[in-house]
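Please read the structure below before turning to the comments.
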Amino acid sequence: QVHLVESGGGLAQPGGSLRLSCAATGSFVDIASMAWYRRTPGNERELVAMIIVSGGATHYSDSVKGRFTISSENAKYMVHLQMTEMSPEDTGMYYCNMGVRLTTSPRVDFIWGQGTQVTVSS
């Protein structure tokens, strides 16, 4: 089994910063992609940022582009989300997601973390 363990959530002031981290543990062959999603009050879960492990290509939602940065430590099977210039609209539950190869076949299984709460408030 593969587990994702998130850390770094909490309270930030408007204009402030937080850094989220997520580590994969368990039995797998490798990781194809790492991403952060969030569910903000009254909204569906949305993709915030994604990184493709091979090559490092990244994608951001328009709402966080220029403020958030996703990065990975591939050897440690970790992904980070550096959040800056935060606003109350960033408040929500943030989820780590990884595309994991459990065997040597090309199949990728997407695993979710349990979520970490981020609150932006003065």
Side-chain angles (χ1 to χ4, degrees):
Q1 281 205 348
V2 180
H3 296 282
L4 303 183
V5 180
E6 297 137 333
S7 60
L11 177 65
Q13 292 198 337
S17 301
L18 277 178
R19 178 178 162 96
L20 305 182
S21 296
C22 174
T25 63
S27 178
F28 51 91
V29 174
D30 66 7
I31 298 174
S33 65
M34 300 178 179
W36 288 96
Y37 287 73
R38 70 184 181 188
R39 180 179 282 124
T40 55
N43 294 306
E44 302 270 331
R45 185 158 53 185
E46 63 171 343
L47 174 66
V48 174
M50 170 181 284
I51 185 166
I52 303 301
V53 172
S54 176
T58 57
H59 169 80
Y60 296 92
S61 70
D62 288 342
S63 61
V64 308
K65 200 172 294 183
R67 301 187 299 120
F68 291 9
T69 302
I70 189 169
S71 61
S72 65
E73 293 185 71
N74 296 339
K76 296 181 180 180
Y77 306 115
M78 292 188 70
V79 63
H80 308 286
L81 184 69
Q82 180 67 51
M83 303 183 288
T84 65
E85 300 177 40
M86 299 183 73
S87 73
E89 288 70 34
D90 295 318
T91 294
M93 187 69 77
Y94 284 68
Y95 298 90
C96 176
N97 175 277
M98 293 193 188
V100 178
R101 292 191 184 92
L102 300 177
T103 71
T104 53
S105 78
R107 171 179 164 159
V108 174
D109 289 281
F110 292 93
I111 310 296
W112 292 93
Q114 79 283 0
T116 184
Q117 178 67 35
V118 170
T119 302
V120 183
S121 175
S122 55

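Summarising the geometry of S17 relative to Q82, their closest heavy-atom pair is CB-NE2, 3.9 Å, with the distance given to 0.1 Å. The minimum heavy-atom distance between T40 and T91, with the atom names listed, is CG2-O, 3.2 Å. When every heavy atom of C96 is checked against every heavy atom of V79, the shortest pair comes out as SG-CG1, 3.9 Å.
When hydrophobic clusters are built by joining Ile, Leu, Val, Met, Phe, Trp and Tyr residues whose side-chain heavy atoms come closer than 4.5 Å, directly or via intermediates, L102 is not grouped with V108.
The structure places OG1 of T58 at 13.5 Å from CE of M34, a figure rounded to the nearest 0.5 Å. With rounding to the nearest 0.5 angstrom, the CZ atom of F68 is 9.5 Å from the CD atom of E85. The CE atom of M98 lies 10.5 Å from the CD1 atom of I51; values are rounded to the nearest 0.5 Å. Between the CE atom in M78 and the OG atom in S21 there is a gap of 4.5 Å [rounded to 0.5 Å]. Distance CZ/R19 to OG1/T69: 10.0 Å, rounded to 0.5 Å. Atom CZ of R38 sits about 5.0 Å away from atom CG of D90, to the nearest 0.5 Å.
Residue M50 is found in a hydrophobic cluster whose other members, listed by chain and number, are Y37, L47, I52, M93, Y95, W112; membership requires side-chain heavy atoms under 4.5 Å apart, directly or through intermediates.
Between M83 and L20, some side-chain heavy-atom pair lies under the 4.5 Å cut-off. With contacts defined as side-chain heavy-atom distances shorter than 4.5 Å, the pair I31/N74 does not qualify. Contact of the D30 side chain with the Y77 side chain is not registered, since no non-hydrogen atoms from C-beta on lie closer than 4.5 Å. Side-chain contact between W36 and C22: present, with at least one pair of heavy atoms (C-beta onward) separated by less than 4.5 Å.
Annotation: side chain to side chain donor-acceptor pair (under 3.5 Å) contacts of S54 (sequence neighbours excluded): none.
For S121 and T119, the side-chain atoms include no donor-acceptor pair closer than 3.5 Å. A donor-acceptor contact closer than 3.5 angstrom is absent between the side chains of H3 and Q114.
At distances below 3.5 Å, at least one donor-acceptor pair connects side-chain atoms of E6 with backbone N or O atoms of G115. Panel note: side chain R67, backbone S63; a donor-acceptor pair is recorded below 3.5 Å.
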